[in-house]
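Everything on this sheet refers to the single structure shown next.
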Amino acid sequence: MSAHDDDLSRDAEHARAALTALAEAPLATPSFRARLKREFASGEIERTAALRAATDTLAPHAPEPQRPHVVALPRRRVGEVWRWVAAAAAVLVAGYGAVGLNAGPAWRLVSATGQGVATVDGRPVAMNHVDELMAALAPGARVRVPAGCRIEIASARTLAIQMVAETDATVPPVPGRWFRRDVSAEIRSGEWRITTGPAFTGARLALTTPSARVEVTGTTLAVICEPQGTCVCVFEGRVRVGRDRTDMVMVEHGHRRFLFVDEQRAPESAEMRPAEAGALPAFQDSMSHEMSGGR
């Protein structure tokens with residue numbers, strides 16, 4: 001490597017450091033932006049600049065302080081450094097844009113049935129305050145559904161969840177369109193009914209309960225958390241179920257698997273519960289419009 005290349009690398013590092021500092025600089029306040037817009041529109045900003053220039057001309061000049069000697073870069077080298085800055089800025093902008101475009105359709109509150117007060121992250125929210133409830137149901141929020149009530153949320157063409165009465169669980173993130181496709185959530189008690197849409201293909205929802213781990217890759221199922229254990233009923237597709245990642249078993253459609261909180265008892269497999277054999281297809285049908293991309 002030549003000395004020219006070494007200097008260019010140092011210049012590129014300086015350019016990258018300057019770009020990083022620029023990205024971390026505080027944003028202009030709304031009041032500053034409003035004042036600047038007002039002065040520009042009225043022409044006041046030009047009068048202010050002219051006044052400052054005249055003041056500088058009339059004011060006596062103090063002797064110039066002794067400045068350190070600075071070696072100017074040749075024009076070609078300056079151009080190369082700015083190309084590095086432009087490339088880094090393009091990567092930064094593209095990265096932010098890709099993250100925004102990758103976001104899947106946000107959760108939408110499809111229905112909130114029953115009279116009562118839900119608890120979201122410890123804050124009470126009345127079930128009939130639909131806008132407030134929807135705003136609170138953000139990814140990661142812990143939701144407790146009151147007795148006799150039910151909450152249904154959906155991400156268009158991706159995923160729909162029905163939280164039955166007395167469920168205590170966290171809202172999962174929506175899978176990204178191209179990356180960040182694996183998402184997770186926790187169900188502490190109660191029941192979720194889940195169905196997926198075509199945009200969920202290739203994604204994975206990992207659910208943890210007090211006694212089980214459930215991996216959903218595209219299906220319609222119920223995850224039921226009871227005091228004695230967790231039951232997973234699969235109406236359509238296939239679901240991986242186990243105590244943890246080391247003992248996952250595939251559960252086929254029409255079947256269920258029950259994992260006891262008491263780890264001394266072996267898991268049980270059988271046909272899905274009759275109640276879920278009726279409730280799951282009804283839920284799937286009710287969400288068909290959401291999963292086909294409609295609203």
Side-chain angles (χ1 to χ4, degrees), residues 103-156 158-176 180-197 200 203-217 219-233 239-245 258-261 276 279-280 283 286-287 290:
W107 288 117
R108 188 175 80 85
L109 180 63
V110 178
S111 68
T113 59
Q115 299 296 319
V117 178
T119 303
V120 184
D121 286 336
R123 181 169 61 91
V125 182
M127 291 287 291
N128 60 351
H129 292 182
V130 177
D131 291 341
E132 184 182 359
L133 184 59
M134 181 64 262
L137 294 174
R142 181 176 178 179
V143 183
R144 294 180 177 176
V145 184
C149 299
R150 186 175 66 199
I151 294 174
E152 294 180 343
I153 60 175
S155 168
T158 307
L159 185 65
I161 299 171
Q162 181 186 88
M163 307 180 191
V164 307
E166 300 184 75
T167 290
D168 181 358
T170 58
V171 178
V174 174
R180 296 180 182 173
R181 301 279 284 155
D182 289 1
V183 296
S184 60
E186 181 181 5
I187 306 175
R188 295 174 173 85
S189 62
E191 178 181 357
W192 274 13
R193 295 187 178 107
I194 303 166
T195 190
T196 61
F200 192 81
R204 179 174 61 177
L205 169 63
L207 299 173
T208 56
T209 76
S211 60
R213 176 182 174 86
V214 183
E215 293 183 357
V216 180
T217 56
T219 183
T220 299
L221 73 153
V223 180
I224 308 162
C225 293
E226 300 172 332
Q228 64 271 29
T230 298
C231 180
V232 179
C233 292
V239 180
R240 286 166 52 86
V241 182
R243 293 196 182 279
D244 52 44
R245 294 178 183 271
F258 193 96
L259 287 88
F260 294 92
V261 173
E276 297 304 325
L280 284 171
F283 172 61
S286 71
M287 291 294 167
E290 296 285 341

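None of the values given here were measured: they were computed from a predicted structure.
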Shortest non-hydrogen contact between [X] and [Y], atoms and distance:
{"X": "R181", "Y": "G176", "result": "NH1-O, 2.7 Å"}
{"X": "V110", "Y": "A154", "result": "CG2-CB, 3.7 Å"}
{"X": "F200", "Y": "P175", "result": "CE1-CG, 3.9 Å"}
{"X": "W107", "Y": "V171", "result": "NE1-CG1, 3.6 Å"}
{"X": "S189", "Y": "E166", "result": "OG-O, 3.9 Å"}
{"X": "P105", "Y": "S155", "result": "O-OG, 2.6 Å"}

Flag the pair [X] / [Y] as yes when at least one side-chain heavy-atom distance between them is below 4.5 Å, and no otherwise.
{"X": "T230", "Y": "I224", "answer": "no"}
{"X": "V241", "Y": "L259", "answer": "yes"}
{"X": "E191", "Y": "E276", "answer": "yes"}
{"X": "L207", "Y": "W192", "answer": "yes"}
{"X": "V216", "Y": "L159", "answer": "no"}
{"X": "I194", "Y": "T220", "answer": "no"}
{"X": "S211", "Y": "F258", "answer": "no"}

Review item, side-chain donor-acceptor pairs of residues 124-152, under 3.5 Å, at least two apart:
| from | atom 1 | to | atom 2 | distance (Å) |
| --- | --- | --- | --- | --- |
| H129 | ND1 | E132 | OE1 | 3.4 |
| E132 | OE2 | R123 | NH1 | 3.0 |
| R142 | NE | D168 | OD1 | 2.9 |
| R142 | NH2 | D168 | OD2 | 2.6 |
| R144 | NE | D168 | OD2 | 3.4 |
| E152 | OE1 | S111 | OG | 3.0 |
| E152 | OE2 | Q162 | NE2 | 2.6 |

> Between the main-chain N or O of E186 and the side-chain N or O of T170, is there a donor-acceptor pair closer than 3.5 Å?
Replying inline: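 Side chain of T170 to backbone of E186: a pair is present.
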
>> Strictly distance-based, threshold 3.5 Å: is any side-chain N or O of R243 a donor or acceptor partner for the main-chain N or O of F260?
In response: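 Judged by distance alone, yes, a pair lies under 3.5 Å.
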
> If you measure from the Lys or Arg side-chain nitrogens to the Asp or Glu carboxylate oxygens, is any gap between R213 and D244 under 4.0 Å?
Replying inline: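 No, R213 and D244 are not salt-bridged.
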
>> Applying side-chain contact (heavy atoms from CB on, under 4.5 Å) to V183 and V174, what does each step give before you reach the verdict?
In response: CA-CA 7 Å; V183 296; V174 174; over 6 Å; no

> Taking atom OG1 of T158 and atom CD of E290, what is their separation to the nearest 0.5 Å?
Replying inline: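 One finds 10.5 Å between OG1 of T158 and CD of E290.
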
> Between CD of E215 and OG1 of T208, what distance do you get to the nearest 0.5 Å?
Replying inline: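 Those atoms lie 11.0 Å apart.
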
